[in-house]
Amino acid sequence: MKRKTSQITVGNVKIGGGAPVSIQSMTNTLTTDVDKIIKQIHELEEHGCEIVRVAVPDADSVKALKEIKKNISIPLVADIHYDYKLAVEAASVADKIRINPGNIGGNEKVKEVVRAAKDAGIPIRIGVNLGSLEKDLERKYGLTPEAMAESALRAAKFIESLDFTNIIFSLKASDVPRTIKAYKLFADRTYYPLHLGISEAGSFFSGGIKSAVGIGSLLLDGIGDTIRVSLSGDPVEEVKVAKQILSSVGLRKFGVSVTSCPTCARAEFDVAKVAEEIENKTALIKKPLHIAIMGCSVNGPGEAKEADIGIVGGKGGNLFYKKGKIAEKVDDDKIIEKIMEEINNQ
Ligand code: SF4
């Protein structure tokens, strides 16, 4: 069952309180290189990113935030470490501020950031990270999920004492078991929405798998209100993986989804090539369509009947399915063209 939470609003996106689980990503270009970062944000948005976070490491980046904000349409989150003054300044521009209680410099600094967020009417994400916990908690608990949960709970209690509850939390470690445990410990004790992620997850391959296991298992337990897949590399890949995680756990549907068999000696055409090309060609299509690409008649007809469009390998011509029914036979070299034509007709 979905965990009940309070709701926050980030720009025009609601998080928690029954809202759909949203997708976030983070830019990896210099914030001060305004043209480049705006271009990257537009690209992220085009691929389905719903909230974007940018690093704000200095005063020039705060200035750049204003220009960025004017030129994008998805909500903008300012990511601040160490210098609370940057967070205070960024609050008048960004739609949300992310701070880390382990490195912002103590409660007095947090108080200033809360005041600025309150004045601006925006939420704050408290992003606890195993790599930058408060020293006393690290001494008491070691680098454990208990220390992460305690850090988040401590921050929650202090911010509540300032009469501010417009907050969301994340508790990230770079390994899956500690991340899951930390989120669960915190989720059991609060009603705040949660931003899920595995910190520094790694490359597309390892990071994608770690994120799918960690974020996916929490979502299946009803925990999590917005997600960010952290990958070393192009953030567009983060968005693609995030969409796949959300659709795999049955929480959201995004455009075209492809089912394809792993192939074996029975395959009658190059399933992998067709599946990859169709995925690439349909990456930006928003229409929710299910395509089945199957190598032969062993499992092919069953999958093709469930899909909007299907192709099943066969001797003497591959069977093309439309809405669960065989429509015609298609030669190997016409499969991709035929599927694309049908997608465009639907
Ligand atoms: Fe092999 Fe046919 Fe199954 Fe594909 S559908 S894996 S080709 S048996």
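Read the numbers this way: they start at 1 and go in the same order the structure lists the ligands and their atoms.
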Is the closest side-chain heavy-atom distance between V128 and S170 below 4.5 Å?
no
Within 45° of the ring axis of F320 and under 6.0 Å from its six-membered ring centre, is that where the NZ or CZ of K338 lies?
-> yes
The closest protein heavy-atom partner of atom 6 (S) of ligand 1 is T263 N, 3.6 Å
Open item on the list: Taking N, O or S atoms only and a limit of 2.8 Å, check whether C261 reaches atom 2 (Fe) of ligand 1.
Closed with: no
For atom 3 (Fe) of ligand 1, the closest protein heavy atom turns out to be N299 ND2, 3.8 Å
The closest protein heavy-atom partner of atom 1 (Fe) of ligand 1 is C264 SG, 2.3 Å
If only side-chain N and O atoms count, and only distance matters, is there a donor-acceptor pair under 3.5 Å linking K243 with H47?
no
Numbered in order shown, the ligand 1 atoms found under 4.0 Å of a heavy atom of V298 are 8 (S)
Ligand 1 to G295, heavy atom cutoff 4.0 Å, flagged ligand atoms 4 (Fe), 7 (S)
Give a yes-or-no answer on whether the side chains of T226 and Q24 include a donor-acceptor pair shorter than 3.5 Å. yes
Atom 2 (Fe) of ligand 1: closest protein heavy atom, distance to 0.1 Å, is C296 SG, 2.3 Å
For A267, the atoms of ligand 1 under 4.0 Å from one of its heavy atoms are 7 (S)
Residue pair I8 / I167, side-chain heavy-atom distance below 4.5 Å: no
As a quick check of understanding, evaluate salt bridge (charged side-chain N to carboxylate O under 4.0 Å, His left out) for D221 and K184, giving each step before the final call.
CA-CA 9 Å; D221 278 344; K184 286 187 169 173; 2.8 Å; yes
